[in-house]
Trainee: 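Please find one structure pasted underneath; my questions will follow.
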Amino acid sequence: MKDFLSVSSCTTQDLLELLDLSDKLKKYYKKGNRDLCLVGKSLVMLFEKPSLRTRMSFQIAMSQLGGNPIYVKPEDIGGIGKREPIKDMARVLDRYADGIMARTFAHETVIELAKFAEIPVINALTDWSHPCQAMADIMTIREHFGKLAGIKIAYIGDGNNVARSLAFGCAKLGMKIVIASPKGYELDEKSISRTNEIAPGTTTQTDDPRQAVKDANIIYTDTWISMGQEDEKAKRIADFQGFAVDAELISLSPKAKIMHCLPAYRGYEITDEAMESENSIVFDQAENRLHFQRALLKKLLS
Ligand code: CP
Ligand code: NVA
C-alpha cells in the first residue's frame, strides 16, 4: 500500500490493520504518550477547497508524530495543473517531501499525483470520494457497536463522495448501506454494482427515507450542496425537500446513532434537534479523523 486514494483500492486486510492501529494509537496518545516516528519528515498538504477538520487533523497528527506539515494554497503555486503539469509538480515534490495529501475537485488529480510521485499520496477529499472520512466513520461505528459485521447504515441525501466511500467501506468490512436520495441524486450505478460485486447485498438505493431508516443502526447524512456545487444551491434545496434528518425520521428508528461528516447545514439536511440529540455521534466522528489519519501517516510515511 503506497498511497491512500480510495477505500475501494485497499484490501480488507489493509483497512482492518489501519483501524486497529488507529485504536491503538488513540489509546496511546490519550495516555499522554507520543510516537515520534516521523521526525525529520515532511507532508505537503495541497487544498483546492476549504477545510476545517481535514486540514487541522492532518496538521496536528503530523506534528504529534514529530513530522512537519506544510500547507499549500493553490494560488501560492499558480494552481494545481495550471502553472505546470501535475506530473511535473508531483516529481518535484517527490524530491523534497515524504508524503503529499491533496484535496482536489477532480479525482484524476490525486491519481496523477500518485502516478508520478514515488512518495505516498493521500486523498483528502475529491469530488469522487472521501476515504479518510469514511474510515474515521467506520472507526467510530466500531467503537460504538463493538463490531462492524451486520451493521446497517441508512444514508439519507446526496449520493456523493461521502456516500460512495462509505458504501465501499461497507462492502469491504461487512456492513450494509441503504441510500435514500431524490431522483437524479442517486449514487452512480457503477459504484453500487461494484460494491455489490465485492459483497453481495451491500448497497441498496431508494427514494423513500422512511423506508431506508427501518431497522437501521445508523442514520447518516451529508450536505445537499457539496463544495463546488454552490451555483446549484436553490435547485438542490428544492429537490431535497423531504430528505432532512429530523425528529420525525429519527422516531422511526429511535435507537439509531446519528452521523454527519460535517460541516452541517442545520435546517437543511439535518435539524438542530437531530444534531444535538443524545444519539448523535457527530463529534466522535470528527475526533476520529485525527486518530485515523495519525495511523495512516505512520503506516505510509514511517
Ligand atoms: N468532514 C470534512 O472533511 O470536513 P472539512 O471539509 O472541514 O475538512
Ligand atoms: N460532500 C461534501 C463533504 C464535505 C466534507 C463536499 O464534498 O463538500
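Start at 1 and go down the list; that is how both ligands and their atoms are numbered.
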Trainee: Identify, by atom number and element, the atoms of ligand 2 in contact range of Leu125, meaning under 4.0 Å from any of its heavy atoms.
Mentor: 3 (C), 4 (C), 5 (C), 7 (O)

Trainee: Would you call Arg164 and Asp188 a salt bridge, taking side-chain N to carboxylate O under 4.0 Å as the test?
Mentor: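 Yes, charged N to carboxylate O under 4.0 Å.
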
Trainee: Using 4.0 Å as the upper bound for N to carboxylate O, is an ion pair formed by Glu248 and Arg210?
Mentor: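 Salt bridge flag = yes for Glu248 with Arg210.
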
Trainee: Which one of His260, Met56, Arg103, Lys49 has a non-hydrogen atom at the shortest distance from atom 6 (O) of ligand 1?
Mentor: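 Nearest heavy atom to atom 6 (O) of ligand 1 lies in Arg103.
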
Trainee: Indicate whether any N or O donor in one side chain lies under 3.5 Å from an N or O acceptor in the other, for Tyr28 and Asp35.
Mentor: no

Trainee: May I ask you to check whether Leu125 has an N/O atom sitting below 3.5 Å from an N/O atom of ligand 1?
Mentor: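 There is no such contact.
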
Trainee: Report yes if some N/O of Ser226 lies less than 3.5 Å from some N/O of ligand 2; otherwise report no.
Mentor: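 Yes - when backbone and side-chain N and O of Ser226 are compared with those of ligand 2, one distance drops under 3.5 Å.
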
Trainee: Looking only at protein heavy atoms, identify the closest one to atom 8 (O) of ligand 2 and say how far it is in Å.
Mentor: Met227 N, 2.8 Å

Trainee: Does Asp127 approach ligand 2 within less than 4.0 angstrom via side chain, backbone, both or neither, non-hydrogen atoms only?
Mentor: neither

Trainee: Would you call Glu230 and Lys233 a salt bridge, taking side-chain N to carboxylate O under 4.0 Å as the test?
Mentor: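 Between Lys233 and Glu230 there is no salt bridge, as every charged N stays at least 4.0 Å from the carboxylate O atoms.
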
Trainee: Return yes if a side-chain donor-acceptor contact under 3.5 Å exists between Arg103 and Thr54, otherwise no.
Mentor: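 Judged by distance alone, the side chains do pair up.
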
Trainee: Against heavy atoms of His130, which atoms of ligand 1 measure under 4.0 Å?
Mentor: 2 (C), 3 (O)

Trainee: Please could you name the atoms of ligand 2 that Asp222 approaches to less than 4.0 Å, counting only its heavy atoms?
Mentor: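 Atoms satisfying the 4.0 Å criterion: 1 (N), 2 (C), 3 (C).
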
Trainee: At what distance is the nearest protein heavy atom to atom 4 (O) of ligand 1, and which residue and atom is it?
Mentor: Arg53 NE, 2.8 Å

Trainee: Phe58 and Phe47: aromatic ring centres closer than 6.0 Å?
Mentor: no

Trainee: Polar-atom distance check: Leu52 versus ligand 1, any N or O pair below 3.5 Å?
Mentor: yes

Trainee: If we only count N/O pairs under 3.5 Å, is Cys261 in contact with ligand 1?
Mentor: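 Checking ligand 1 against Cys261, an N or O pair does fall under 3.5 Å apart.
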
Trainee: Decide, yes or no, whether a salt bridge links Asp20 with Arg142 under the criterion of side-chain N to carboxylate O below 4.0 Å.
Mentor: yes

Trainee: What I want to check is whether the side chains of Asp207 and Tyr185 have a donor and an acceptor closer together than 3.5 Å.
Mentor: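 Absent: no donor and acceptor within the cut-off.
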
Trainee: For the 3.5 Å polar cut-off, considering only N or O atoms, please tell me whether Arg55 and ligand 1 meet it.
Mentor: no

Trainee: Any salt bridge between Arg266 and Glu276, counting N to O under 4.0 Å?
Mentor: yes

Trainee: Under a 4.0 Å threshold between the charged nitrogen and the carboxylate oxygen, would Asp14 count as salt-bridged to Lys172?
Mentor: no

Trainee: Hey, is Leu262 touching ligand 2 through its side chain, its backbone, both or neither, going by heavy atoms under 4.0 Å?
Mentor: backbone

Trainee: Could you tell me which atoms of ligand 1, counted from 1 in the order shown, lie closer than 4.0 angstrom to a heavy atom of Arg289?
Mentor: 1 (N), 2 (C), 3 (O)

Trainee: Could you find the nearest protein heavy atom to atom 7 (O) of ligand 2 and give me its residue, atom name and distance?
Mentor: Asn161 ND2, 2.8 Å

